[in-house]
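Worksheet: one structure, shown below.
Note that the coordinates shown come from a computational prediction; the quantities given were computed from them, not determined experimentally. Just the heavy atoms: all of them, side chains too, but no hydrogens, waters or symmetry mates, feed the values below.
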Amino acid sequence: MEQAIGKTYLYTMKGKLYWPGFAIVLVLILAAFVSKNPAQSAFESAKEMIVLRKIAHDLLRSAGDSSSRIPAVQRISDTEFLLPFETAFSFKPDSLVNTIRKVFQDHKLSSRYIVNVKEQSSGEVVFGYAMLGKEQDNIVPCLGREQKPARYTIHIKLGEPPVAGTEKLFLGWAAIGLAGLVWFGWYRSGNNPGEKIVEEIEVGQPISAGISIGQFLFDPQQQCLLLAGNGIQLTSKETRLLEIFSSDLNQLIDRKRLQKEVWEDEGVIVGRSLDMFVSKLRKKLEADPTVQLINIHGKGYKLEVLDQPI
C-alpha cells in the first residue's frame, strides 16, 4: 500500500549524538588544562638537572671535598636520575637525607621521592630511603651508621607533583560534569531506545509503501510508524516483533516463536527481554486506540486491530 501525505521525514537521534560530543569536548578541555606548556616543561626539566647537580656538590662538600669534578647528571626517564661520583667519599645517612631534603625544599622540587645509594664496583645498594610527602609516611632506615669511603652512585626517583588547588577544583567539577553526561546518555539509551525526533519537510512526494495497521502505516525498512503526519521510530527488535505481529493480525503468537525468530539468531534466548520490548512497543502503539497489543498470560501475545467507530 502507498499513502501520499505530501511530506517526507528526516530522522535525527535525540539524546544520543550530542552528549558524547559534549563529553569529548570536556575531556579535551581537561587535557589541555592539566597538560604543561612545552616551554614550561623544558624549563622545569633543565631546572631539575641543575638542582640535582647541586645535591652532588653539597654532598661532596659535607664530606670535606671541594675540589673534585662533578660528572654530569644522567636522566634515565622523566622522573629518574643518576648522580655518579668520580672520587671516593664517605657519608653519614643522616647528613645525606638532610642535604637532599633541604635542596628539594629550597628549590621547590617534589616532596615525594625515593633515593638509593649504590656502590659502583658491586652495584650493591648500601643505603636507601623514601620521602612520601608526609612525615609520618616517610621510610628512612639505618640512620646513624657512617658508610665507608667508596665511589658511589645515587639514584633518585621523583614522585608525581601534587595537583594545585585550582586544578583540583577544576578536575572535581570536570569529573562531575563528565559523569553527568555519561549518566544522561545511558539514561536516554536505556529508557528511550531508538527514540527519534521527526522533522517534517514539505516536498510533495509520497512516502514509500508500508503495512497498514489500524491508523498506522508501518514501514519496516525505515523502522518507523507513521500516524497523521507524525513519525515514531522503532528499534530493530521492535520492528522485527511488529513484522511478526502484523503478519498474523488478531492471532495469538506463541512466546517461543517470538523468542526464536527475534533472538535465537544471536545465540541467546531470553524471556524478560521479550516482555520489555513488547511493553515498549505497546506504548508506541497507544497513539491509535484501535490497535491493542494484548498479553495472553503464559502463552504469548496478540496484536488486535479493532473496528473503528462509525
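Interatomic distance, L249 CG to I211 CD1, rounded to the nearest 0.5 Å: 9.0 Å. I156 CD1 to F104 CZ: the interatomic distance, rounded to the nearest 0.5 Å, is 5.0 Å. Taking OH of Y129 as the start and CD1 of I139 as the end, the distance is 12.5 Å to the nearest 0.5 Å. Interatomic distance, L83 CG to H155 NE2, rounded to the nearest 0.5 Å: 10.5 Å. Here the CG-CD distance, from L82 to Q74, works out to 5.5 Å after rounding to the nearest 0.5 Å.
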Q | R255 vs D275, salt bridge (Lys or Arg N to Asp or Glu O under 4.0 Å): CA-CA, chis, key distance, verdict | A | CA-CA 9 Å; R255 290 178 60 87; D275 297 332; 2.8 Å; yes
Q: Run the numbers on F91 and V117 for side chain to side chain contact (heavy atoms under 4.5 Å, CB included), then give the verdict.
A: CA-CA 10 Å; F91 68 91; V117 183; 3.9 Å; yes
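Taking Ile, Leu, Val, Met, Phe, Trp and Tyr as members and joining any whose side-chain heavy atoms lie under 4.5 Å apart, directly or through other members, the hydrophobic cluster of I296 also contains L252, I294. Applying the under-4.5 Å side-chain rule to Ile, Leu, Val, Met, Phe, Trp and Tyr, the cluster around V125 consists of that residue alone.
Put simply, the side chain of E238 never gets that close to the backbone of F277: no donor and acceptor are under 3.5 Å apart. Between the side chain of Q120 and the backbone N or O of Y152, at least one donor-acceptor pair lies under 3.5 Å. Checking side-chain atoms of D219 against main-chain N and O of Q222 turns up a donor-acceptor pair under 3.5 Å. Although no hydrogens or angles enter the test, the distance criterion places no donor-acceptor pair under 3.5 Å between the side chain of N250 and the main chain of K302.
With sequence neighbours excluded, the residues that form a side chain to side chain contact (heavy atoms under 4.5 Å, CB included) with I244 are R240, I253, R257, L258, E261, V262. For E135, the side-chain hydrogen bond (donor to acceptor under 3.5 Å, both in side chains) test picks out no residue, with sequence neighbours left out. Judged as a salt bridge (Lys or Arg N to Asp or Glu O under 4.0 Å), and not counting sequence neighbours, K256 has no contacts. Contacts of S66 classified as side chain to side chain contact (heavy atoms under 4.5 Å, CB included), with partners at least two apart in sequence or in another chain: none. Qualifying side chain to side chain contact (heavy atoms under 4.5 Å, CB included) partners for D106, counting only residues two or more places apart in sequence or in other chains: K102. By the side chain to side chain contact (heavy atoms under 4.5 Å, CB included) test, E124 pairs with S122, sequence neighbours left out. When the side-chain hydrogen bond (donor to acceptor under 3.5 Å, both in side chains) test is applied to E119, the partners found at least two apart in sequence or on another chain are S121.
Residues M49 and I70 share a single hydrophobic cluster, defined by chaining ILVMFWY side chains whose heavy atoms lie under 4.5 Å apart. Hydrophobic clustering of Ile, Leu, Val, Met, Phe, Trp and Tyr side chains at less than 4.5 Å, counting indirect connections, keeps L132 apart from L96.
Summarising the geometry of I213 relative to V291, their closest heavy-atom pair is O-CG2, 3.8 Å, with the distance given to 0.1 Å.
Within the structure, ring-ring contact (aromatic ring centres under 6.0 Å, His included) contacts touching residues 45-88 (residues at least two apart or in different chains) are F85-F89. Sorted by first then second residue, the salt bridge (Lys or Arg N to Asp or Glu O under 4.0 Å) pairs that include residues 79-93, not counting sequence neighbours, are R69-E86, E80-K157. Residue pairs that meet the salt bridge (Lys or Arg N to Asp or Glu O under 4.0 Å) test with at least one member in residues 47-58, sequence neighbours left out, are E48-R75, K54-D58.
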